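This report concerns only the one structure given below.
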Amino acid sequence: MADTKREIERKYEATDATRLPDLSRVAGVGRVEKRGVTELDAVYYDTADLRLASHSLTLRRRTGGADEGWHLKFPVATGIRDELHEPLADTLPPSFAALLRSRLRHTEPAPVVRLLSSRDVQHLNDDEGTLLAEVSVDTVCAERLAGEGTGTTATWTEIEVELADDGDPAFLDAVEKRLRKAGVRPSEAPSKLARALAETAPVRKKKRAKHEAEDPQTTGDHVLTYVRKQIRTIVDLDPAVRRDLPDSVHKMRVATRRLRSAFKTYRRILDRETTDPVGAELKWLAGELGVDRDQEVLDKRLGERTEALPGTLVLGPVRGRLKVWSAARRTGSRRRITDVLDGKRYLALLDTLDALSADPPLRPAASRAPGKELPRAVLKDYEKLARRMDHALEHPPGPERDAAMHEARKAAKRARYAGDAARPALGKPAKRFAKRVKAVQSVLGDHQDSVVARDALRGLAIQAHAAGETTFTWGLLYGHEEATADARERELPEVWARASDPVLRADLKH
């Protein structure tokens, strides 16, 4: 796995008239250490249509400096990026190729820009000599290597302030205050690459892509905005899932579900002959992602329940058995997810989603105003939820009611997603609707998690009994889950009454 570093930095404009002020006067700085000048030669790679740059990704091969090699940067927030590093090589490292697969697909990245930088570095240290930040004055010469503008060059000078590892971001504010006082202003470009691409490109008015709307006007505009957001989320989360970042699998799974739900909810807008096969593939992807996620949720629930018990009630090797059981069920799940993301079926799905986004299968209702079409779709999902809720509440407690409540949970999720998608057009009524339905979904979800947990606890108790261990604690945990399910069942009618308020639905129509 590539080395990863969280990069927190700020860039500033520098001109011939700009002078770097005395930074020893910045609060917290004990000494300014000059580190000399380093010559850097970096070649930046991308596709012909600058696909990586459009996602604010940076891929480069750089020589010179202490960290020469291949660098791949992912945006985290303004001024914050995760930088991955691989040793210097002639070809793109396989680990980077995998992380970029959702963007590159079947395309090989090629050199697009070369940057030659002369970097004059200073270290800002505290009184004990600990590094607080690195300040560099970079004199840059950029050359366009491909596409329109090939051979065009640009030069500039900039000041870069990078926070030391584990440093306090507030220190950058103190440095900026000192720089601004000296007349130095923040750079408009977020990165050297972005500036190089802008300054070496032919000057022309940017054309709006065919599928881009200035502001959503029609029902189709609003639905497509939501659909495209989910597609982009899936693509953006692909490298995060590969890097095993926290909650990335869950977020990617939610995006696939939201997208599939939108295809079902808005069948009057998007032709189902096109979207149904795509929805089936999204269901497959969500299922593959769920193998690891479902076990993760169950592990957390059972672990927290066990830790909440007094020590005197945890009899036998409960924690150890939980750990072994979880490891056995999750063996190979991470490898399986990576294999799915590397597979032809997944890449074909991404290509299909791109094609659908670029040339959406719109039906006649898509051209209508959203004030009627969107409420109609949302309320249709609500009616399905109402039928399933009635069915669930008419059953006495037991397996049949558990199954009915699970079906109602899925309907609640779809109705909530429908409200979320309609919110930009319908405003507060859609927001209130989605919030109330989410409360129903949460109650039903906790109930279903309890059903799954009880089944797991029964299996664990059987294993413990077969090994000659006491099953007291497993039975106690099972009882706690039964009590949780009972509490959710008692709570549900009141939560559903708030979500089924006729005024709430009437507001959607106005």
Side-chain angles (χ1 to χ4, degrees), residues 1-11 40 42-62 67-89 91-115 117 140 142 144-147 160 162 187-201 206 209 212 228-245 248 251-252 255 338 341-342 346-347 350-351 353-354 357:
M1 180 63 69
D3 295 331
T4 304
K5 175 185 176 183
R6 179 60 56 89
E7 179 185 80
I8 303 176
E9 65 179 17
R10 298 182 188 180
K11 296 180 181 293
L40 305 174
V43 175
Y44 290 76
Y45 288 72
D46 207 331
T47 59
D49 58 357
L50 301 178
R51 207 171 302 159
L52 301 183
S54 69
H55 286 80
S56 301
L57 299 180
T58 300
L59 173 64
R60 74 184 178 202
R61 179 184 185 275
R62 190 170 75 181
D67 64 343
E68 69 176 8
W70 285 88
H71 302 106
L72 177 58
K73 299 186 180 185
F74 290 95
V76 176
T78 302
I80 304 176
R81 295 185 291 183
D82 278 346
E83 179 180 317
L84 283 68
H85 176 263
E86 288 279 17
L88 194 62
T91 57
L92 180 66
S95 63
F96 284 6
L99 291 173
L100 294 172
R101 189 159 288 127
S102 66
R103 271 90 170 191
L104 297 179
R105 311 285 169 78
H106 318 287
T107 306
E108 292 292 330
V112 292
V113 167
R114 184 183 186 189
L115 294 182
S117 303
V140 184
R144 190 68 167 254
L145 302 178
E160 186 175 286
E162 182 175 346
S187 174
E188 294 183 2
S191 67
K192 287 183 176 67
L193 176 61
R195 182 165 183 172
L197 290 172
E199 295 197 11
T200 61
K206 181 182 177 182
E212 290 180 345
R228 288 171 179 142
K229 179 181 178 182
Q230 307 315 315
I231 293 174
R232 175 143 187 170
T233 298
I234 293 171
V235 173
D236 286 349
L237 284 170
D238 177 293
V241 171
R242 293 174 186 272
R243 293 168 61 197
D244 200 16
L245 296 185
S248 57
K251 290 177 180 177
M252 189 175 188
T338 302
L341 299 185
D342 286 338
Y346 168 70
L347 294 179
L350 296 185
D351 288 340
L353 293 175
D354 278 352
S357 177

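Quick caveat: nothing in here was measured; it's all calculated off a predicted structure.
Taking both residues in full, the closest heavy atoms of Ser191 and Ala194 are given as OG-N, 3.1 Å, listed atom of the first, atom of the second, then distance. Contact record, Leu341 with Arg242: O-NH2, 3.0 Å, taken as the closest heavy-atom pair. Arg232 approaches Ser54 most closely through the heavy-atom pair NH2-O, 3.5 Å. For the pair Trp70 and Thr91, the tightest heavy-atom approach, listed with the atom from each and the gap, is NE1-O, 3.4 Å. Closest approach of Ala146 and Pro111 over heavy atoms only: CB-O, 3.6 Å. Nearest heavy atoms, His55 versus Asp236: CD2-OD1, 3.3 Å.
Separating the CD atom in Glu160 from the OG atom in Ser117 is a distance of 9.0 Å, to the nearest 0.5 Å. Between the CD1 atom of Ile231 and the CG atom of Asp354 there is a distance of 7.0 Å, given to the nearest 0.5 Å. The CG atom of Asp351 sits 10.5 Å away from atom OH of Tyr346, with the distance rounded to the nearest 0.5 Å. The distance from the CZ atom of Arg51 to the CG atom of Asp46 is 8.5 Å, given to the nearest 0.5 Å. The OG atom of Ser357 sits 12.0 Å away from the CD atom of Gln230 when rounded to the nearest 0.5 Å. Here the OH-CG distance, from Tyr45 to Leu104, works out to 13.0 Å after rounding to the nearest 0.5 Å.
Under the side chain to side chain donor-acceptor pair (under 3.5 Å) criterion, Glu7 pairs with Lys73, Arg81, sequence neighbours left out. Evaluation of the side chain to side chain donor-acceptor pair (under 3.5 Å) rule for Arg10 yields Asp173, Glu176 as partners, not counting sequence neighbours.
Side-chain atoms of Ser248 never come within 3.5 Å of backbone atoms of Asp244 as a donor-acceptor pair (strictly under, hydrogens ignored). Of the possible polar contacts, one joining the His85 side chain to the Asp67 backbone as a donor-acceptor pair under 3.5 Å is found. With hydrogens and angles ignored, the 3.5 Å screen pairs no side-chain donor or acceptor of Arg103 with any backbone N or O of Leu57. When atom types are taken as modelled, the side chain of Arg144 and the backbone of Leu197 share a donor-acceptor pair closer than 3.5 angstrom. Without hydrogens or angle criteria, Arg6 side chain to Ile80 main chain gives no donor-acceptor distance under 3.5 Å.
Between Leu92 and Pro109, some side-chain heavy-atom pair lies under the 4.5 Å cut-off. Under the 4.5 Å side-chain criterion, counting only non-hydrogen atoms from C-beta, Phe74 is not in contact with Val76. Residues Lys11 and Arg195 form no side-chain contact, since every pair of their non-hydrogen atoms from C-beta on lies 4.5 Å or further apart.
Among Leu115, Leu52, Leu59, Val113, the single residue meeting the side-chain contact (heavy atoms from CB on, under 4.5 Å) criterion with Leu193 is Val113. Among Arg60, Arg61, His71, the one residue that satisfies the side-chain hydrogen bond (donor to acceptor under 3.5 Å, both in side chains) test with Tyr44 is Arg60.
Ion pair Arg243/Asp82 flagged as a salt bridge, since at least one NZ, NE, NH1 or NH2 atom sits closer than 4.0 Å to an Asp/Glu carboxylate oxygen. Salt-bridge annotation for Arg101 and Asp342: present, with a side-chain N of the basic residue lying under 4.0 Å from a carboxylate O of the acidic one.
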